[in-house]
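As the structure is a computational prediction, the values presented were derived from the model and not from experiment.
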There are 2 protein chains.
Amino acid sequence: MEVGSQAGRNAWQGLSDAFNSECPAREVLDHITGRWGMLILAALGEEPQRFSELHATIGGISEKMLSQTLRTLVRDGLVERTVEHTTPPRVSYELTSLGQGLTKSLEQFLGWIRQHTIDVVAAQHRHDRQR
Amino acid sequence: MEVGSQAGRNAWQGLSDAFNSECPAREVLDHITGRWGMLILAALGEEPQRFSELHATIGGISEKMLSQTLRTLVRDGLVERTVEHTTPPRVSYELTSLGQGLTKSLEQFLGWIRQHTIDVVAAQHRHDRQR
DNA sequence: CAGCATCCAAAAGGATACTG
DNA sequence: CAGTATCCTTTTGGATGCTG
């Protein structure tokens, strides 16, 4: 994707499919940017984790949503599910190579949030005080 | 917010705040990754646009959601709203410098989606056929 | 432990009509 | 043009109880 410095040129042209609600890219975007997708991917970006570990890592998620979101990510080929048939069973989740590539590109974004949350909160206060 | 006790365990340590449902970072994450936030930011990442232009660019969004999401992004200090009091009025939206930094880090992620949507769709089919 | 099923409450979102 | 207001439907998500 060329970020052309040409005036009036659409550098996002290659993304026009995500802007199209009919394109599968939109569905992929929704899966990842759903309320829990990114957090799960970020958690797994560090290391494989078991169901209960993920549940503990990600604050506020219910078992239902964790399970549901994981199934979606597995179906999308971003996460792999591995079962050890012990008693009690161990089920661990890890990123596929596809998921690793994605998570890498997510890092910057999540890093930005960590660094600039304070700026956003300041902006919110400024905005609220001003009316 | 340094938590160094668990040595070497969490490469995402700096993000532990996003994992905490009580932290404002979670709210920022939700605003941006809400259904329309990213698409609006991506659209504005190219150039300032008017309300109706955004509405045309982003497939499937209603005026209500566009308006609502824009207000949130303006409050968060990511987007600036400019009114020209002509008749009919012109209202244009553009990224603030804060929003520009964010959108830059978003580029990679959105680029990944564009490039790998096809892989995800293939994985979905493989998964569905296999059961 | 790792989940699925069910029920229910809450939030998100769309359609439509209307305003400055 | 750029919204707002209202109503209503759809989706999301949490709590709970139950399995292998």
Side-chain angles (χ1 to χ4, degrees), chain A residues 18-22 26-40 43-44 47-76 79-94 127 131, chain B residues 19-22 26-41 43-44 47-76 79-94 127 131:
Chain A
F19 286 123
N20 178 2
S21 56
E22 305 301 317
R26 178 67 75 83
E27 191 195 334
V28 176
L29 182 69
D30 288 345
H31 287 177
I32 298 168
T33 64
R35 187 158 171 201
W36 304 112
M38 278 204 186
L39 290 173
I40 292 177
L44 294 178
E47 61 179 353
Q49 292 192 54
R50 297 170 57 188
F51 188 86
S52 51
E53 291 174 322
L54 284 170
H55 189 243
T57 301
I58 301 169
I61 195 170
S62 66
E63 293 187 354
K64 175 187 168 180
M65 290 315 298
L66 178 55
S67 167
Q68 201 173 99
T69 309
L70 279 169
R71 257 179 292 159
T72 302
L73 296 176
V74 167
R75 176 167 181 263
D76 287 349
V79 169
E80 189 180 352
R81 179 178 185 270
T82 308
V83 186
E84 290 178 63
H85 292 281
T86 58
T87 44
R90 273 178 165 259
V91 182
S92 58
Y93 295 87
E94 62 189 308
H127 186 270
R131 45 183 47 246
Chain B
F19 287 124
N20 177 2
S21 56
E22 303 303 317
R26 178 68 75 80
E27 191 196 334
V28 176
L29 182 67
D30 287 345
H31 287 177
I32 298 167
T33 65
R35 189 158 171 201
W36 304 112
M38 277 204 189
L39 291 173
I40 291 177
L41 290 170
L44 294 178
E47 58 179 356
Q49 291 191 54
R50 297 170 58 187
F51 187 86
S52 52
E53 292 174 321
L54 285 169
H55 189 246
T57 301
I58 301 169
I61 196 170
S62 64
E63 292 187 355
K64 174 186 168 180
M65 291 315 298
L66 179 55
S67 167
Q68 202 171 99
T69 308
L70 279 170
R71 265 187 317 229
T72 302
L73 296 176
V74 168
R75 175 167 181 265
D76 287 349
V79 170
E80 190 181 351
R81 179 176 185 271
T82 308
V83 186
E84 290 177 63
H85 292 280
T86 59
T87 47
R90 271 178 166 257
V91 182
S92 58
Y93 294 87
E94 62 189 307
H127 185 271
R131 39 185 359 267

Could you grab the distance from atom OG1 of T57(A) to atom CG of N20(B), nearest 0.5 Å is fine?
12.5 Å
Chain B vs DNA chain C, heavy-atom contacts under 4.0 Å, first-to-last nucleotide span, 5' to 3', is dG13(C) to dG20(C)
Among the nucleotides dC1(D), dG13(D), dT4(D), whichever has the atom closest to the side chain of P89(B) is dC1(D)
Overall bend of the helix from dC1(C)-dG20(D) to dG20(C)-dC1(D) (five pairs an end, 10° steps) is 50°
Nearest listed nucleotide, side chain of S52(B), among dG3(D), dC1(D), dG14(D):
dC1(D)
To the nearest Å, give me how far apart CE (M65(A)) and C1' (dT16(D)) are.
17 Å
Indicate yes or no: at least one non-hydrogen side-chain atom of L41(B) is less than 4.5 angstrom from one of V79(B).
yes
Rounding to an integer number of Å, can you tell me how far L70(B) CG sits from dT4(D) C1'?
14 Å
Looking at E63(B), is its backbone amide N or carbonyl O close enough to the side chain of S67(B) to form a donor-acceptor pair, meaning the two atoms are under 3.5 Å apart?
no
Quick one: do L54(B) and L44(B) satisfy side chain to side chain contact (heavy atoms under 4.5 Å, CB included)? Show the steps, please.
CA-CA 8 Å; L54(B) 285 169; L44(B) 294 178; 3.8 Å; yes
Can you tell me how far C1' of dG3(D) sits from CG of L66(B), to the nearest Å?
10 Å
Side chains of R71(A) and R75(A): does their closest heavy-atom pair fall under 4.5 Å?
no
What's the CZ-C1' distance between R35(B) and dT11(D), to the nearest Å?
9 Å
Which heavy atom in F19(A) sits nearest to a heavy atom in L39(B), and how many Å separate them?
CE2-O, 3.3 Å
Quick check: do R81(B) and V91(B) have side-chain heavy atoms less than 4.5 Å from each other?
yes
Look only at the side chain of R26(A) and the backbone of G59(B), and say whether a donor-acceptor pair between them is shorter than 3.5 Å.
yes
d(NZ, K64(A); C1', dT12(D)) in whole Å
7 Å
Would you say R50(B) places a side-chain N or O within less than 4.0 Å of OP1 or OP2 belonging to dA2(D)?
yes
Separation of dT4(D) atom C1' from F51(B) atom CZ, nearest Å, is 10 Å
Return the value, rounded to whole Å, for the distance between atom CD of E84(B) and atom P of dC1(D).
15 Å
Output yes when at least one side-chain N/O atom of S67(B) is less than 4.0 Å from OP1 or OP2 of dT4(D), else no.
yes
Assign each of P88(B) and G34(B) to its nearest nucleotide of DNA chain C by heavy atoms, then name whichever residue's nucleotide is nearer the 5' end.
G34(B)
So Q68(B), base contact, sugar-phosphate only, or nothing? Heavy-atom distance under 4.0 Å.
nothing
Minimum side-chain heavy-atom gap T82(A)-E94(A) below 4.5 Å
yes
For the atom pair CD1 (I40(A)) and CD1 (I32(A)), what is the distance rounded to the nearest 0.5 Å?
12.0 Å
Atom-pair distance (NE2 on H85(B); P on dC1(D)), nearest Å:
18 Å
Does dG3(D) have OP1 or OP2 under 4.0 Å away from a side-chain N or O of R71(B)?
no
